[in-house]
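Per chain, numbering begins at 1; letters A, B, ... match sequence-line order.
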Protein chains: 2
Amino acid sequence: MSLSRRNVGKTRTRDVGRGIPDATIARLPVYVRVLKTMSDDGVTTVSSEDLAASCGVSPAKLRKDLSHLGSYGTRGVGYDVAFLAYHVSRELGLTKPWGVVIIGVGNLGQALVSYRGFATRGFEVVGLVDAHPDVVGTSISVGGGELTVTSLDDLARLVARTGAQIGVISTPAEAAQRVADSLVAAGIRSILNFAPVVLCVPDGVEVRKVDLAVELQILAFHEQRRGEKPLPEVMHA
Amino acid sequence: MSLSRRNVGKTRTRDVGRGIPDATIARLPVYVRVLKTMSDDGVTTVSSEDLAASCGVSPAKLRKDLSHLGSYGTRGVGYDVAFLAYHVSRELGLTKPWGVVIIGVGNLGQALVSYRGFATRGFEVVGLVDAHPDVVGTSISVGGGELTVTSLDDLARLVARTGAQIGVISTPAEAAQRVADSLVAAGIRSILNFAPVVLCVPDGVEVRKVDLAVELQILAFHEQRRGEKPLPEVMHA
DNA sequence: AGGTGCTTGCGCACGAAGTCACAAACTTAA
DNA sequence: TTAAGTTTGTGACTTCGTGCGCAAGCACCT
Ligand SMILES: NC(=O)c1ccc[n+]([C@@H]2O[C@H](COP(=O)([O-])OP(=O)(O)OC[C@H]3O[C@@H](n4cnc5c(N)ncnc54)[C@H](O)[C@@H]3O)[C@@H](O)[C@H]2O)c1
Ligand SMILES: NC(=O)c1ccc[n+]([C@@H]2O[C@H](COP(=O)([O-])OP(=O)(O)OC[C@H]3O[C@@H](n4cnc5c(N)ncnc54)[C@H](O)[C@@H]3O)[C@@H](O)[C@H]2O)c1
């Protein structure tokens with residue numbers, strides 16, 4: 001048994017479709033956004049060099065990323081903007097809209113609700129959930145319509161009714177794990193977490209986190225290093 | 001030809017202090033947060049296994065990360081929680097408070113202002129800037145005191161007066177590049193960008209971005225893939 | 001048709017990051 | 001003090017991601 005894991009050695013040139021590197025996937029959304037912008041501006045064709053510059057990556061990296069999806073370019077010419085935008089969007093699963101449930105309608109949650117970027121990228125807020133009695137039951141305008149904030153107890157029903165696939169956690173840190181458990185129990189397998197805690201979820205559930213404090217601390221690290229380097233003499237003990 | 005690179009070959013075991021991998025730096029804030037929590041809970045000592053579990057990483061990765069900072073553990077015992085928390089914080093530059101300026105006091109900007117996580121992690125909002133006449137001049141309570149929203153024209157003076165080192169951009173996408181230029185001109189070299197655009201900045205300026213739509217699209221990709229691959233056939237032995 | 005000038009797609013090599021496994025170093029027990 | 005048990009710190013190895021360079025392929029011109 002256990003002989004040779006799948007894909008024994010060799011070059012494996014043809015992995016198109018399956019096995020796109022995570023690093024590539026993380027960049028695809030940027031490519032899509034820039035391509036859509038270019039398309040709106042009337043640009044019909046673009047070279048890897050120009051597109052890469054607009055996306056803030058190297059041309060080689062861009063071409064390698066795109067080569068994982070297939071050959072959508074034309075040698076000697078470049079890429080058809082609309083054509084490429086469609087295929088990258090398709091690869092990301094943006095051809096159909098995704099339903100999003102937001103848990104925790106506080107400062108951040110309300111900012112998220114009013115975020116126009118959801119609708120324009122194919123994400124629709126289909127549910128709002130909170131635990132505070134003052135918030136539950138209130139109506140909030142989101143996108144074109146109105147949504148009534150429901151209680152956490154109704155989460156499973158809400159998910160079943162709306163077919164939501166993505167849950168966004170914007171509750172205080174203390175409640176985040178409990179909320180995550182509820183989301184998983186309700187059938188959600190994709191979670192975006194804004195609370196500064198490490199969530200535990202079963203295998204098969206994907207969690208991504210956005211942690212403002214972490215980003216600031218990384219900036220602080222570099223800022224600090226910059227300050228201490230230029231000085232040849234360090235008066236520190 | 002490829003010779004004469006600085007730092008040619010050899011193991012260079014002693015790179016403590018300089019040359020901490022980026023991937024490690026990105027994890028240090030999580031370690032600090034978990035360690036602080038443990039410390040508050042009265043935990044005095046922790047093994048790499050337990051700490052790693054709480055941080056959502058593997059014990060080996062945790063130990064390698066910490067080994068880049070120095071030897072702060074005790075073999076056969078583990079790490080002193082408070083001692084380690086101090087040294088990791090120190091490495092990140094969290095011993096002194098950092099001044100933050102927020103540009104764009106709209107939905108998101110106001111949520112950021114009311115974010116308690118700033119102060120508790122050693123970041124202080126020292127300035128608010130907006131362009132809209134209705135917002136400029138208004139006072140907003142942040143942390144302990146009040147801050148008056150100033151105009152973008154006063155940014156350089158604001159930065160000089162407050163000594164702010166970090167700029168947060170929460171303006172619409174169209175304005176983000178212009179704001180970034182202003183921040184750089186004002187002397188800011190660390191920027192956190194919430195607008196969905198790729199910023200161009202001179203060398204020496206560090207930009208980190210938080211893009212909600214990108215995160216959602218990455219989730220959508222995995223969600224889609226999960227749905228389309230219910231395994232048509234499984235080799236059974 | 002054939003030549004010329006671009007640009008893509010990709011093999012290959014290199015470097016960064018992650019995993020494994022174990023000797024070194026410490027505590028505790030006797 | 002010695003031995004047994006525990007856990008760190010780290011070299012060696014594996015995997016992943018990036019950058020280089022160029023042959024293949026397309027458009028355009030003569
Ligand atoms: N405000 C920001 O700009 C910001 C930035 C980054 C991260 N965060 C994080 O986002 C989270 C929310 O921040 P905030 O400023 O909006 O806080 P908030 O207190 O304003 O809002 C939290 C909301 O969650 C609700 N809630 C509490 N427990 C709940 C539960 N068990 N189920 C459902 N809802 C529950 C509360 O009723 C409240 O409405 C926090 O974890 C915070 O650290 C906030
Ligand atoms: N709202 C969210 O939850 C959310 C989430 C993710 C990303 N974002 C992004 O964050 C940014 C802000 O979002 P928002 O919802 O707060 O928008 P908003 O329109 O509510 O706020 C934008 C603010 O920026 C100000 N502004 C405009 N031009 C300016 C300039 N040149 N200089 C200074 N200030 C200027 C406006 O006056 C306004 O107060 C957008 O780029 C958005 O895509 C928002």
Colleague: Would you find more than 12 non-hydrogen atoms of other residues, nucleotides or ligands less than 6.0 Å from A:Tyr86 atom OH?
Modeller: no

Colleague: Between atom OH in B:Tyr79 and atom P in C:dT27, what is the gap in whole Å?
Modeller: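 These atoms are roughly 15 Å apart.
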
Colleague: So, OP1 or OP2 of D:dT7: does either fall under 4.0 Å of a side-chain N or O from B:Tyr72?
Modeller: no

Colleague: Please tell me which of A:Val46 and B:Val77 maps to the more 5' nucleotide of DNA chain C, matching each residue to the nucleotide holding its nearest heavy atom.
Modeller: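 Whichever sits nearer the 5' end wins; that is A:Val46.
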
Colleague: Are more than 12 heavy atoms from other residues, nucleotides or ligands located less than 6.0 Å from atom CD of A:Glu223?
Modeller: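 Count over threshold, so yes.
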
Colleague: Would one find more than 12 heavy atoms of other residues, nucleotides or ligands at under 6.0 Å from atom CD of B:Glu49?
Modeller: no

Colleague: Side chain of A:Ser67 only, heavy atoms from C-beta on: which candidate in D:dG9, C:dG9, C:dC20 is closest?
Modeller: C:dG9

Colleague: Can you measure A:Ile20 atom CD1 to C:dC10 atom P for me and round it to whole angstrom units?
Modeller: 14 Å

Colleague: So, under a plain 3.5 Å distance rule, would you say the side chain of B:Lys64 forms a donor-acceptor pair with the base of D:dG9?
Modeller: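 Donor-acceptor pair under 3.5 Å: no.
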
Colleague: Can you check the A:Leu62 CG to D:dG17 P distance for me, whole Å?
Modeller: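 Rounded to the whole Å, the gap is 17 Å.
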
Colleague: Rounded to the nearest Å, what distance is computed from the NE2 atom of residue A:His87 to the P atom of nucleotide C:dG9?
Modeller: 12 Å

Colleague: If the plane angle is over 60° it's perpendicular, under 30° parallel, otherwise tilted; pick one for B:Tyr72 and B:Phe83.
Modeller: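 Geometry flag for B:Phe83 against B:Tyr72: perpendicular rings.
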
Colleague: Quick one: which of D:dC26, D:dT10, C:dC10 gets closest to the side chain of A:Thr74?
Modeller: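 So the nucleotide nearest the side chain must be D:dC26.
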
Colleague: Using whole Å, report how far CZ of B:Arg63 lies from C1' of C:dA24.
Modeller: 13 Å

Colleague: Could you work out which one of C:dG18, C:dT8, D:dT18 sits closest to the side chain of B:Arg27?
Modeller: C:dG18

Colleague: State whether B:Ser58 places a side-chain N or O below 4.0 Å from either non-bridging phosphate oxygen (OP1 or OP2) of C:dT19.
Modeller: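 For C:dT19, OP1/OP2 do have a side-chain N/O of B:Ser58 under 4.0 Å.
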
Colleague: Rounded to whole angstrom units, what separation is found between the NZ atom of B:Lys61 and the P atom of D:dT14?
Modeller: 19 Å

Colleague: Please state how far atom CG in B:Leu28 lies from atom P in C:dA17, giving the value in whole angstrom units.
Modeller: 13 Å

Colleague: Atom CG of B:Asp50 to atom P of D:dT7: distance rounded to whole Å?
Modeller: 9 Å

Colleague: Decide side-chain hydrogen bond (donor to acceptor under 3.5 Å, both in side chains) for B:Thr171 and B:Arg178; before the verdict, give the C-alpha distance in whole Å, the side-chain angles of both, and the deciding distance to 0.1 Å.
Modeller: CA-CA 10 Å; B:Thr171 64; B:Arg178 211 159 353 113; over 6 Å; no

Colleague: According to a strict under-4.0 Å criterion, is A:Ser47 in side-chain N/O contact with OP1 or OP2 of C:dT7?
Modeller: no

Colleague: OP1 or OP2 of C:dC22 versus the side-chain N and O atoms of B:Arg75: is any pair under 4.0 Å?
Modeller: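 Negative; the distance criterion is not met.
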
